[in-house]
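It should be emphasised that the depicted structure is a prediction, and the values quoted were computed from it without experimental measurement.
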Amino acid sequence: MPEDLPEPTARYLGGAGAGPRAGEHVVAPKNRWARAILAFRELVPEAWYTLDVTLSWDEDEQAAAALDFALVGFDFMARDGSSLDVESVPGLVRTLPDPLGAWLPGPAYHATTGLSAQWRCGFRMPAQASDLALGFRSWRNTAPFRVSGVRLRSVEAPSLPSPWSRLRLGAKPLMIEQDLVQGVGLVLRGQIVSDRPDEHAAYAAIRYRDASGGEMPLPYPDTVSVMGHGASVNLPAKPQARRFTLSLTPPIGASRVEIGLRTWEEADEAPPAVELVAPPEVSLEDPFRLESLIGDDLLDGAAFLSRLANRLGLERGAEAAWLPDAQAVPSPAILARARHLRQGPERSSAGPDGRIVLRLAGLPDWTQPDGSGWREDPFRSVPWRLDYHSLAWIPAVGEAGPALAAAWAAANPWGQPSDALSLHPAALSARAEVLARLAAGPLPEGADDALRTALVGVATQHGFALAEIVGQNAFGRSLHGLQAATALYVIARFLPRLPLAPFWIALASRRLGETFGALLSADGHFADPVLQRRLDCLSLGRALAEALGGQAPGPDIAARLEAGLAGLPGLLDPGGRLPPFGDAPPAGDEAAWIGRLLAARTSELAIVREAAPSSQADGLFHDTLTMSANSIGRGAGHFACTFAAPSPLGHADCTSFILAAEGRRWIVEAGGSESAETGPSRHYLVSARAHNVALLDGREPVAGPVWFAGSLRLDSASAHRIETRVHGPDVAHARIFVLLDDLDGIAVIDRFKGPGLHSVEGVLHVAPDTLVALAGPRRALAQQGARRLGFTPWVVAGRQAGLEIVNGRDERASTLQGFVATPRGLTPASTLSYRFVGDGLVCGGMMLATDTTLEESLSRLLVSEALRSFLAE
């Protein structure tokens, strides 16, 4: 059993302080600055930990319904106390107040009616860290809240692959090559760690080249020349001074810089272990940041170009030379290509009367009114608003497109958007590509240069914003980060006369390779657990590979793409849909999407069906277990289960599953939360209660190690075992599925082993419009037309403790149950809840079968010696 770590030391800031009882900390409602900081030392790098705390709040707290009621900030440190700028940590999210953290939901979201509740989170220690400072920070609370009973415990689990790619420095330099903007300085920021803190841990070797590629002669500004090392800048790794800033002033005529990061020692001199915590941030000097260029002014496109030319020291009117010639629509429009792979041809268009008819986010047609203020929200839909402000639909409306884009820009000056969602990365990147594409393409007859200038100016503004996002890696290694780098690359290709175009292309190309490599490994494993986002990643990868061809990082992206495509068709259910795990959007034609990804043939669905397993086939697609069957005369069957590790902004759906049998969907997910950004609906849809999982002692699972533990072949069936440590550090959990080959009967069994009395609740969401009834305390029945599915609890260890049907329960935000998501919100549907209790060991589950004969077959399998041994492993 894991032991508690020693009692942490505490310090307080901003009005926080010690409570009246030992180990209690009080955080005042002073928003952001009030913090109680607890320090833990000598943790194990790359080990999993769980944090348990007791939260208490005031009876008059007014922010009870805030999902971001308060924040726990995580400051990971090296042994000498240096804070580490870690990009991401499994189990935690990037936040504004602290680099990484976990949000504490308000009192309304805890399963208690009192003034205190238990809260738990899990995380994995970064590879270079050994110490941790936890900061319990005020955020939206209107009255003081209290933290007590803080327990940090390690989680025992097999060694699992590391999520971090190590950037080690040695005698062979780690190269960063970057094109420059003439007359503008370059800034690199980063952090190095070393086993041996040293004034001379590493250095940056600098080499400048001119426009023809020739090496420029020494000396260079802001560097020193060292015999055998050339122009160099020292990088220390002293305690509390591990961060470095390279402010480079390129010599006159320099077009490119090569920066080699390496140790001073040669390979045969036993250099110390030195590595970068993350890829260095790359940016232009401060006068060329977007905020500095715009200031407090509301600049239109033409004024922005004029100010940029002035800042570059060019003559008045020099920006006219940056405008592209009128020519055919340029290519490649990479994000537009990825959008086509996702949804097929664009459906929006200009109607016969010239009015724009928009068909966005799978919602009904909507006609844009004359004189639009760009504040419309006709369907009260977040996805629709994002699609609307992406302007990705504009190229489909023909000659009206450039004027519409200019109208959007006039109504949305930088810093004052008509709809704040227009700055969401999903909209920003797509819109940037559209603006650049329109600016470089042919304009309608009669349009003057002012329209092109306005479009070039707004596209350039977007380019500056994207360059800072990409250079600072603001979105981490995520799909949004990949989209931002793509849009920056496209802007530079569409507008090659801009003085910043070479700089943007080099920056974007490097980040494209890094980000795509982090999202999809060389052997085809994805970092993102959501299947639809994996398809988005593959779609963008396909578009990038086509556009880049043999140019780096195109070949590497193409190779990873082929590895990631393998096995996709087998994930589809009989209706051509992907399993809706994670933040899945409303169901679309995902079979056609996969078909477009795999090849360009006449019948996309036929491609999918050719490649997909047709009967009695099961397999693993990374962290998804699938099986399909197609019995003659009985209809198709499909089973899928996810064992992607839980994440704080994702869904608590680890080990959740769906089931179709005899051509009918029976067990479904409550749905994604893409349309619910906040509030009780969002909280419910990401919680374990909205998924077909088992809950232990009424507590949510947390991030932790999860792995597939093997399969067992049985008589006309198969068994599969998934191990998790997401229910606490002292509880070993296994979920075992027994699947009949025709998928007309399955059993799901959960095994929990840990000290003390335990209560287990299993949850099964039945498809809407299905009649569900109890036939006693040990039997339930679901019916769709003439088809039936029986539910029978099965106990291995412990005892059964109840069976109930829940439909539309919503008395408290923390107890919502019995709903499924639709494009218009939550819709009541039946959820079957079954319970078991036991001391030390609880093992039980549910048999699902389409008739009693199959139920008897499952029962015989469950009592067989082979399966009993499999359950007990």
Side-chain angles (χ1 to χ4, degrees), residues 65 67 335-336 338-340 342-349 351 355-369 372-394 396-397 404 407-408 411-412 417-431 434 479-480 483 530-533 535-536 539 577-578 580-590 593 649-651 668-687 690 768 810 813 816 819-829:
L67 282 173
L335 292 175
R339 181 181 174 93
H340 174 80
R342 189 185 211 272
Q343 66 181 37
E346 195 68 51
R347 297 174 60 245
S348 298
S349 63
R355 301 184 71 185
I356 307 303
V357 180
L358 299 180
R359 304 172 177 91
L360 306 177
L363 291 166
D365 293 0
W366 177 79
T367 301
Q368 188 181 37
S372 168
W374 301 93
R375 294 183 175 86
E376 296 86 356
D377 185 13
F379 304 105
R380 299 183 63 82
S381 165
V382 169
W384 189 93
R385 289 161 60 200
L386 287 174
D387 208 359
Y388 185 44
H389 286 279
S390 75
L391 305 187
W393 47 271
I394 274 188
V397 305
L404 271 173
W408 182 92
N412 292 269
S418 59
D419 185 333
L421 269 180
S422 66
L423 297 179
H424 189 284
L428 178 69
S429 298
R431 185 173 63 248
V434 170
L479 179 62
H480 288 326
Q483 292 166 336
V530 181
L531 295 175
Q532 284 77 3
R533 284 206 293 265
L535 283 191
D536 276 321
S539 299
R577 301 180 191 174
L578 284 175
F581 302 129
D583 235 9
D589 191 356
E590 290 152 338
W593 185 0
L649 284 186
H651 289 238
V668 300
E669 284 278 87
S673 54
E674 200 175 66
S675 298
E677 291 294 305
T678 188
S681 295
R682 170 78 186 187
H683 184 264
Y684 164 68
L685 289 173
V686 301
S687 73
D810 65 351
L816 259 69
F819 292 93
V820 296
T822 68
R824 299 301 179 89
L826 298 183
T827 298

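Within the 3.5 Å criterion, the main-chain N or O of Ser381 finds a donor-acceptor partner in the side chain of Asp377. The backbone N or O of Leu816 sits nowhere less than 3.5 Å from a side-chain atom of Asp810 that would complete a donor-acceptor pair. The main-chain N or O of Ser687 is never found under 3.5 Å from a side-chain atom of His651 such that the two would form a donor-acceptor pair.
Between Arg431 and Leu391 there is a side-chain heavy-atom pair separated by less than 4.5 Å. Side-chain contact between Arg342 and Leu535 is absent, with no heavy atoms from C-beta onward closer than 4.5 Å. With contacts defined as side-chain heavy-atom distances shorter than 4.5 Å, the pair Trp593/Asp536 qualifies. Between His480 and His424 the shortest side-chain heavy-atom distance falls below 4.5 Å.
Gln532 and Glu590 share a side-chain donor-acceptor pair at under 3.5 Å. A donor-acceptor contact closer than 3.5 angstrom is absent between the side chains of Trp374 and Ser422. Donor-acceptor pairing under 3.5 Å is recorded for the side chains of Tyr388 and Ser372.
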Residue pair Leu479, Gln483: steps toward the side-chain contact (heavy atoms from CB on, under 4.5 Å) verdict: CA-CA 6 Å; Leu479 179 62; Gln483 292 166 336; 3.8 Å; yes
Trace of the salt bridge (Lys or Arg N to Asp or Glu O under 4.0 Å) decision for Arg682 with Asp583: CA-CA 10 Å; Arg682 170 78 186 187; Asp583 235 9; 3.2 Å; yes
Worked verdict on Ile356 versus Trp366 for side-chain contact (heavy atoms from CB on, under 4.5 Å): CA-CA 8 Å; Ile356 307 303; Trp366 177 79; over 6 Å; no
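Taking CH2 of Trp384 as the reference point, atom CG of Leu360 lies at 6.0 Å (rounded to 0.5 Å). Between the CZ atom of Arg385 and the OG atom of Ser390 there is a distance of 13.5 Å, given to the nearest 0.5 Å. One distance of note links CG of Leu428 with CG of Leu421; it measures 12.5 Å at 0.5 Å rounding. Considering CG of Leu685 and CG of Leu826, their distance stands at 5.0 Å, rounded to 0.5 Å. To the nearest 0.5 angstrom, Arg533 atom CZ is 14.0 Å from Ser539 atom OG. Of the inter-residue distances, the one linking Asp589 atom CG with Gln343 atom CD reads 12.0 Å to the nearest 0.5 angstrom.
Listed by chain and number, the residues in a ring pair (Phe, Tyr, Trp, His ring centres under 6.0 Å) with Tyr684 amount to none (sequence neighbours excluded).
Scanning both residues, Glu346 and Ala396, for their nearest heavy atoms gives CG-CB, 3.5 Å.
For the pair Asp387 and Arg359, the salt-bridge criterion is not met [side-chain N within less than 4.0 Å of a carboxylate O].
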